[in-house]
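Naming: A, B, ... by sequence-line order, numbering from 1 per chain.
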Amino acid sequence: MSAVVLADLAYWQVSILRVLGLLAAVLLPAGTIVYLFLFKMMSFMQSRLGPMEAGPYGSMQLLAEVGKWLQKEDLFPNGADRRVFAWAPIVVVASTFIMYTVVPFGPDAWFADIPTGIYFALAVSSVSVIGILMAGWASANKYSLMGGLRSAGQLIAYELPLVLAVLGVVIQAGTMNMQGIVEAQRNGEMFGVGFIGNPYIITQFVGFAVFMIAMQAELTQPPFDMPVAESELVAGYMTEYSGFRFLLFFIGEYATAGAFSAIAAVLFLGGWALPGIGFDADIMNLLGPLVMLTKMMLIVFLVMWFRFTYPRFREDQLQIFAWKYLIPVSLVNIAVTAVLKVAF
Amino acid sequence: MTAISERQQRAYIASQAADMRVNVELETEGMTLNIGPQHPATHGTLRIIVKLDGEQVVAADPVPGYMHRGYEKLTEVRTFPQVNSLINRIDWLGSFANEVPFILAAEQLMDVEAPPRAQWIRTLLFELSRIANVTLFLGDMAVQLGAVTPVFYAFRDREYVLNLIESATGGRFHPNFDRIGGLKDDLPKGWIAETKQVMVKVNAFCDELETLLVGNEIFNLRTRGIGVIPPEVALSYGLSGANLRSSGVDWDNRRDTPVGLVYDKLDWKVWTHPDGDSFARYWVRLQEVREAAKMVIQLCDGLPPGPIMAKVPRIIKVPAGEAWVATENPLGEMGYYVVSKGDLVPFRVKIRSASFNNISIVPWLLRGVYVPDVITILASLYFILGDIDR
Amino acid sequence: MSHLSSTDTDEAGDAAATDELRTGLVEGLVNELQDGVVASHLLPGRDLWVRVTAEAWDAAGRVGRDVLRCSYFCYLSVIDWLPSPFGRSMDSSVDNILEHVAAKDPEPMTHGVTGGETRFQLLARLYDVERHVGVNFKADVPDDTLTMATWTKHFGGANWHEREAFEMFGITFAGHPSLRKLYLPGDFEGYPLRKDFPLLSRMVRPWPGIVDVEGMPGVADDDGGE
């Protein structure tokens with residue numbers, strides 16, 4: 001892949017551009033998700049209007065909320081482990097940022113082209129568990145502790161189906177590089193018909209379904225929101241956080257939703273590529289992010305739709321669901337994919 | 001060895017102490033978790049001390065009283081009509097239903113009977129307050145289980161019912177409309193037609209919830225077999241209302257002892273469920289809202305003309321005697337044992353509220369369940385704090 | 001399944017039928033408790049009161065549940081028959097609290113239906129959900145000990161009701177598994193529902209009393225029903 005635009009710039013200039021790009025890539029989808037889905041879609045589904053006062057149709061509501069959080073006092077509960085308590089939200093957000101680095105948004109619009117990109121993304125996504133455990137432990141609150149422990153159990157349980165679902169795609173694409181997966185989907189063809197490529201949602205539908213369910217659980221969104229269950233654990237590991245640190249958790253939650261949906265878009269929906277436009281065309285550096293954003297929003301729509309509809313599992317049911325259903329299904333999926341890969 | 005500064009030493013001691021504290025609280029013998037008095041699941045100020053082993057409840061001890069207002073004492077220094085405005089606040093979601101048994105008890109002592117129209121309107125408002133009360137439960141149970149949407153539907157459709165109650169009585173939550181010997185006012189013009197329209201909405205709401213929740217696999221998974229109460233235990237603890245009927249006991253004060261209300265003239269059905277679990281309690285209540293809507297329409301159609309007040313002296317002195325009247329309130333059996341000594345004020349009023357008995361089963365019921373099920377069970381028992389604490 | 005239409009006492013047949021049922025209940029109690037039943041009071045078609053001795057209280061609960069098949073525990077409470085020493089009744093033109101009059105000589109104590117001898121009387125109600133008939137049990141609490149037998153071994157629901165009676169009236173229940181205060185803080189002193197426990201709000205604010213009853217000018221006939 002040729003870095004045409006970036007070729008003339010010095011290394012530090014490229015680095016600054018990438019950092020700014022990463023900030024935009026993390027915050028813009030997160031903000032869009034919060035406004036579009038959390039504020040508006042949820043309200044419409046619940047037969048109400050949602051925020052209407054701040055800006056046209058309440059579009060500035062998010063800024064108002066951020067302003068509110070920034071003004072709030074940074075509270076530390078009595079008996080909290082202050083240092084761990086302070087670092088926990090940063091660890092959570094950091095893992096989200098690192099996840100974004102391997103997601104390609106265009107032929108040159110990527111942050112780090114790692115050969116084992118998808119492997120790397122899934123690995124760093126687990127780092128947030130540490131942050132959540134830190135938060136749960138350091139809060140010196142029993143609800144937080146239970147939330148943190150539930151969260152750890154849940155994230156570990158659903159890491160497996162997530163990885164196994166991805167494995168099918170990797171087998172089919174023959175590469176772990178995210179850019180390579182996009183390329184494989186774009187250049188692939190289904191039964192000789194190749195004009196829209198071969199988005200793996202069709203051939204890997206089981207994998208997609210498993211990935212979506214596991215992703216819902218990784219994001220601790222209902223029906224898998226046991227760790228934050230506000231009606232029993234009073235928001236779990238986030239109970240004691242306020243102000244800026246709560247904002248970090250909040251950003252982390254929705255930015256992670258964006259990151260996972262970006263990965264899902266790359267793996268199953270064909271990523272940034274558009275049929276009919278050359279794979280290396282420079283225009284795709286501008287169009288690609290938009291294509292990606294659209295696909296991400298489609299996936300987040302599904303996530304949020306489930307979130308607003310279903311009641312939550314109890315956590316033994318949640319574990320049973322992962323170990324007894326999701327993991328066997330995804331193992332079968334891998335076996336079938338491998339056999340078919342060899343056969344064709 | 002380098003010298004440690006005093007500040008470092010203090011910090012070290014403090015951190016050791018903090019560790020000790022944490023270790024003591026988290027020893028493997030178990031953990032005491034304080035649910036409430038301010039906790040989203042207790043919708044009010046009920047406190048439940050649960051001893052946990054992991055996430056399993058070993059023992060639970062509810063601590064009521066954070067909202068105790070001493071109504072039984074206060075009634076002793078108020079005239080009978082004044083008591084009426086007080087007892088509105090017991091079950092604040094279905095206030096009108098609180099007034100009825102007390103007024104009926106006073107009427108029984110005075111040997112007064114309300115005219116038929118007043119009895120019909122009483123029954124009508126009684127059922128409306130049941131709808132206003134139980135629809136909120138139907139949404140709230142969902143929100144306790146993590147489904148955020150149904151509660152908004154519940155609030156939306158409950159609002160129509162509250163508007164009806166408000167336009168008839170002048171009070172949304174505390175109507176204070178019932179009088180000894182009848183009612184304060186007649187119904188406003190156009191109210192009947194409006195009520196019938198609202199009942200269509202209530203029925204639609206029930207259908208909506210049935211498809212959204214009752215058929216949902218996760219909802220079934222979370223509620224079926226959770227918090228099973230066998231009928232004999234339910235009777236021994238004095239559970240009443242839907243909690244008792246969902247254990248398979250076919251008893252409804254409305255059908256079996258219709259004191260002063262016109263339920264015997266209506267065509268309706270008492271629903272029971274054999275399972276006695278949280279799902280049964282939800283299901284029975286859902287059916288009860290439907291029955292209530294059905295009854296309201298019949299009551300609207302059959303409303304007889306006539307006066308709404310019987311002849312009662314202006315200063316009400318209730319003759320000496322004792323009376324017990326109980327009605328089937330939204331939360332269960334609510335009764336008043338009124339002792340009068342021929343004064344303006346009652347000598348003693350024992351308020352038997354449904355939630356008090358319904359919650360007293362909690363220590364028995366919560367043994368061995370998981371923390372998420374604590375919330376399910378509490379939500380499905382459906383209590384109003386004012387009804388426990390009085 | 002018999003339907004008790006309690007307000008229609010003039011329906012002779014209905015009343016007689018329920019009368020029979022309730023008379024049967026009294027007979028059953030007398031058979032089991034012998035001298036334990038002191039008095040009974042029957043309002044045909046309405047309700048039934050039975051007063052038992054303090055010694056027979058425990059047995060009354062058992063018999064009520066097992067023999068009379070009244071397995072539904074409705075409530076348990078206490079009546080303090082002492083007339084209020086504060087003259088709060090609105091018949092009195094003088095409010096003793098307001099006028100800072102020392103507690104006047106108590107009026108003679110009068111008891112309600114089925115009579116009574118002591119100041120405190122236990123009151124409990126059991127109900128049969130199949131025949132739709134209930135019994136109000138009463139028992140005199142001995143003045144010297146203020147101790148009664150517990151019903152918790154017969155009815156689980158009696159636990160909280162007895163705790164309430166304990167903190168509100170100071171009645172002790174022998175054999176109760178954990179007789180602690182239910183509503184009040186642990187270090188609360190006094191028994192609020194006793195008649196001689198002053199209601200503080202009445203002490204600090206004058207009693208509006210009869211003024212409210214007379215109605216505001218102009219709306220005199222609002223709820224008069226003339």
Criterion ring pair (Phe, Tyr, Trp, His ring centres under 6.0 Å) on B:Phe347 and C:Trp81, from CA distance to verdict: CA-CA 9 Å; B:Phe347 182 75; C:Trp81 287 109; 5.7 Å; yes
Part of B:Asp61 within contact of chain C (heavy atom distance under 4.5 Å): side chain
Pick from C:Cys74, C:Ala158, C:Ser77 with the largest number of heavy-atom pairs that fall under 4.5 Å of chain B: C:Cys74
Contacting region of C:Asn136 [heavy-atom separation from chain B under 4.5 Å]: side chain
NZ/NE/NH1/NH2 to OD/OE distance under 4.0 Å, B:Arg122 and B:Glu107: yes
Heavy-atom pairs under 4.5 Å with chain B, option from C:Trp160, C:Phe73, C:Trp49 with the top count: C:Trp160
Ring geometry between B:Phe356 and C:Tyr183 (parallel below 30°, tilted from 30 to 60°, perpendicular above 60°): tilted
Ion pair check, C:Arg180 and C:Glu167, cut-off under 4.0 Å: no
Salt bridge flag under 4.0 Å for residues C:Lys195 and B:Glu76: yes
Residue B:Tyr66 versus chain C: region with a heavy atom under 4.5 Å: neither
Interchain contact, B:Pro307 with chain C, by part (heavy-atom threshold 4.5 Å): neither
Residue that, paired with B:Glu328, satisfies side chain to side chain donor-acceptor pair (under 3.5 Å) out of B:Arg255, B:Arg245, B:Arg254: B:Arg245
Interchain contact, B:Glu333 with chain C, by part (heavy-atom threshold 4.5 Å): side chain
Residue part contacting chain B, namely of C:Arg65, when any heavy atom lies under 4.5 Å: neither
Selection from C:His154, C:Lys138, C:Lys181, C:Met168 maximising heavy-atom pairs under 4.5 Å formed with chain B: C:Lys138
Proximal component of B:Leu239, with respect to chain C [non-hydrogen, under 4.5 Å]: backbone
Minimum heavy-atom distance between B:Val318 and B:Ala106, given as atom pair plus value: CG1-O, 4.4 Å
Chain B contact via C:Leu126 - which portion, at a heavy-atom distance below 4.5 Å: neither
Aromatic ring pairing C:Tyr127/C:Tyr72, orientation class (parallel under 30°, perpendicular over 60°, tilted between): perpendicular
Between B:Ser236, B:Ala326, B:Gly70, B:Ala320, the one whose heavy-atom pairs under 4.5 Å with chain C are most numerous: B:Ser236
Close aromatic pair by centroid cut-off 6.0 Å: C:Phe155 and C:His161: no
Region of C:Asn159 that comes under 4.5 Å of a non-hydrogen atom in chain B: neither
